[in-house]
Amino acid sequence: MDAANEPRRSDGEPREGSAPHSSNVPPFSRDEDLHAYREMLLIRRFEEKAGQLYGMGLIGGFCHLYIGQEAVVIGAQMASKDGDQVITGYRDHGHMLACGMEPKGVMAELTGRKGGYSRGKGGSMHMFSREKNFYGGHGIVGAQVSLGTGIGFANKYRGDGAVSLTYMGDGAANQGQVYESFNMAQLWKLPVVYMIENNRYAMGTSVSRASAQTDFSKRGISFGIPGEQVDGMDVRAVREAAGRAIEHARTGEGPYILEMQTYRYRGHSMSDPAKYRTKDEVARMREESDPIEQVRKRLLGAHGLPEDEIKAIDAKVRGIVNEASDFATSDPEPDPAELWTDILL
């Protein structure tokens, strides 16, 4: 394998429950940190509220929260351009918000109301916005990788310069269709960036027990796809790596793999008690590596932002989420006639 295609790595494999080390990342300006803080905080507060509504029985079915992983999608979106597409698995609320979808519409879909993005018929796993180039969160593990590759094929066919950001988790990375997609993407030099969100536990089994190769950035070696590991808890590291990967794909060099080493604070879903890891491990990750707290400290320290301004941002974000919650619990349920719409015969 030539040097150009050799995966670049961080300082080494992290121990379970620790954050990878990021170094030499370009600093953010004050405005960039403010943007990242607002956007990540919106996802965090939205997901916390969704968890509350689920506990109250107002959200049915499955609910997979993105708490802890916010830096991945926000950093990647900061590196993308208008027209680039996003597709992911079922831990998808954060991706929707990062793409600019309205919190009201997302929350209303979670509660099954007619004002939701799928008119209350889809729930967490079946939201879509062509306007915002969000091509869905998909419930079949790994299914979105084939679809995201197809989006990349369409981009190349049209010659529109767009890049498909195709997200998957560490559990999905072992699916066979993923490797079929890798092969085709590299064979045809498709503009796809494969974002592997390695939160260490998939559905509840640590990567060391489930994967023979735990360096997911190397998963494209046999196809000649370059890859690298990234500190997915540092929004600056994500933006920097995603920028290079997207540029690689956009300029006709083919696909790229980014293993985002991240961590989810909650269980796999709201029904998961997460007994496969210790409370101390989760607490340590929150204390040492929380992506939002990192930015908050920079805003207060290096950027000299007054504490009152931070509190004002938090209050505004909470207001947006509370408004979305109020809408999602007061909006009418869809008319029964909706059962007969959007059916393909």
What residues, two or more places apart in sequence or in another chain, satisfy side chain to side chain contact (heavy atoms under 4.5 Å, CB included) together with [X]?
| X | result |
| --- | --- |
| L299 | D33, L34, Y37, V295, H303, L305, I310 |
| E247 | T251 |
| D280 | T278 |
| E240 | P26, R244 |

Sequence neighbours excluded, which residues qualify as ring pair (Phe, Tyr, Trp, His ring centres under 6.0 Å) partners of [X]?
| X | answer |
| --- | --- |
| F182 | Y179, Y194 |
| H268 | H64, Y90 |
| Y66 | H95 |

State yes or no: do [X] and [Y] share one hydrophobic cluster built from I, L, V, M, F, W and Y residues joined by side-chain heavy-atom distances below 4.5 Å, directly or via other members?
| X | Y | result |
| --- | --- | --- |
| I43 | M285 | yes |
| M203 | L65 | no |
| V141 | I196 | no |
| M107 | M125 | no |

Measuring only between side-chain heavy atoms, which start at C-beta, is [X] closer than 4.5 Å to [Y]?
| X | Y | result |
| --- | --- | --- |
| V193 | P255 | no |
| P291 | M40 | yes |
| M127 | V106 | yes |

From R44, R45, R264, residue fulfilling salt bridge (Lys or Arg N to Asp or Glu O under 4.0 Å) relative to E70: R44
Ring pair (Phe, Tyr, Trp, His ring centres under 6.0 Å) partners of residues 139-163, not counting sequence neighbours, each pair once: F153-W188
For [X] and [Y], work out which heavy atoms get closest and say how close.
| X | Y | answer |
| --- | --- | --- |
| A76 | Y167 | CB-OH, 3.2 Å |
| L41 | D314 | CD2-OD1, 3.4 Å |
| G232 | V72 | O-CG2, 3.6 Å |
| I320 | P103 | CG2-CG, 3.9 Å |

Residue pairs fulfilling side chain to side chain donor-acceptor pair (under 3.5 Å) with at least one residue in residues 101-116, sequence neighbours excluded: K104-E323
Over 12 foreign heavy atoms within 6.0 Å of CD, E307: yes
I343, CD1 atom: more than 12 neighbouring heavy atoms under 6.0 Å: yes
If you measure from the Lys or Arg side-chain nitrogens to the Asp or Glu carboxylate oxygens, is any gap between [X] and [Y] under 4.0 Å?
| X | Y | result |
| --- | --- | --- |
| E293 | R296 | yes |
| D234 | R239 | no |
| D231 | R236 | no |
| K121 | E338 | yes |

Single hit among H93, R266, R91, Q69 for side-chain hydrogen bond (donor to acceptor under 3.5 Å, both in side chains) with E47: H93
Donor-acceptor pair, side chain of E228 and main chain of S217, under 3.5 angstrom: no
Working for side chain to side chain donor-acceptor pair (under 3.5 Å), residues N198 and Q229: CA-CA 10 Å; N198 178 8; Q229 291 180 320; over 6 Å; no
Donor + acceptor pair across side chains of N199, Q261 (<3.5 Å): no
Between N174 and R219: side-chain donor-acceptor atoms closer than 3.5 Å: yes
Remaining members of the apolar cluster that contains I87, side-chain heavy atoms under 4.5 Å: F128, Y135, L147, I151
Other ILVMFWY residues reachable from I140 by side-chain steps of under 4.5 Å: none
Full working for side chain to side chain donor-acceptor pair (under 3.5 Å) between S29 and D31: CA-CA 5 Å; S29 68; D31 287 345; 5.5 Å; no
Run the side-chain donor-acceptor check on residues 49-58: report pairs under 3.5 Å with partners two or more places apart or on a different chain.
from	atom 1	to	atom 2	distance (Å)
K49	NZ	Q52	OE1	3.3
Y54	OH	G61	O	3.2

